[in-house]
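Below is one structure, written out as structure tokens; the observations come after it.
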Amino acid sequence: MKVMAAVKRVVDYNVKVRVKADGSGVDLANVKMALNPFCEIAVEEAVRLKEQGIATEVVVVSVGPPLAQEQLRTALALGADRAVLIESSEELSALAVAKLLKAVVDKEQPQLVILGKQAIDSDNNQTGQMLAALSGYAQGTFASKLEVANDSLKVTREIDGGLQTVALSLPAIVTTDLRLNEPRYASLPNIMKAKKKPLETITPAALGVSTVSTNTLLKVEAPAARSAGIKVKSVAELVEKLKNEAKVI
Ligand code: AMP
């Protein structure tokens, strides 16, 4: 079966982001960008399915600026076979991305689409669910285990206070949680090989998708600075401060 993984270019998780002075967004000038960690897990899972002989082809898809080719090449170096970049330099809503991915799903007809549970820049946690709704496919979100058997898929989901296992009929959409797998590092020979793998570029207009948003971004603010904490010497001192200074007990 064909497996598609959706990958997003985001600010690297080690970067301390700065909000632009006019509050219009986050400053991306000279900032290190990377493959969204949950998308890396999605690619790893797809590649493992190929290594087990379950997947026949792994296609990675990204919606983003021309530079998102870097993250697609990383995904190819991790073992994906082919990449598609839907080129858009706009800040797109999750719904617009889901519509674009749906157009690629219609074209590629994958049996399984794996996305991250969330992108660490926008923290939306929406795209996989919206893609499932638009495609009419079954969905298993926050997956920590996948088992493929014939025409169905067993997904163990991380839910509050435990695990839930659901059986989905294929084609299906899965979103990855942190414990699904530990992504490999791309080896130098695989990075070199990835440069020659096919990468197709396509526009939203060519897919016939309007990316006009119904949301307007009003303001981006950094969280209020917190005052420094102190170390207390004993439990008695802690209780005294909670009672008399913080007045919480
Ligand atoms: P979000 O709903 O924005 O938190 O993103 C959840 C997942 O949807 C990500 O981990 C990706 O797998 C996918 N996704 C979101 N935005 C994009 C994008 N611009 N290009 C490709 N995949 C995306």
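For clarity, every value in this text was computed on a predicted model and none was experimentally measured. Counting starts at 1 for both ligands and their atoms, following the listed order. Positions are given from 1, in the same order as the sequence printed here.
At distances below 3.5 Å, at least one donor-acceptor pair connects side-chain atoms of Asn36 with backbone N or O atoms of Gln118. Without hydrogens or angle criteria, Glu44 side chain to Arg184 main chain gives a donor-acceptor distance under 3.5 Å.
If you look at ligand 1, the protein residues with a non-hydrogen atom under 4.0 Å away are Ala6, Val7, Lys8, Asn36, Cys39, Val61, Ser62, Val63, Val97, Leu115, Gly116, Gln118, Ala119, Ser122, Asn124, Asn125, Gln126, Thr127.
Residues near Val58 contribute nothing to a hydrophobic cluster around it, because no ILVMFWY side-chain heavy atom sits closer than 4.5 Å to its side chain. Counting side-chain heavy-atom gaps under 4.5 Å among Ile, Leu, Val, Met, Phe, Trp and Tyr, the cluster of Leu207 also holds Met4, Val59, Val61, Val63, Val84, Ile86, Leu92, Val97, Leu100, Leu101, Val104, Val105, Val113, Leu115, Leu131, Tyr137, Ile173, Ile202, Val209. Its side chain outside the 4.5 Å cluster rule for every partner, Ile159 clusters with none of the Ile, Leu, Val, Met, Phe, Trp and Tyr residues.
Rounding to the nearest 0.5 Å gives a distance of 10.5 Å between CG of Leu238 and CD of Glu245.
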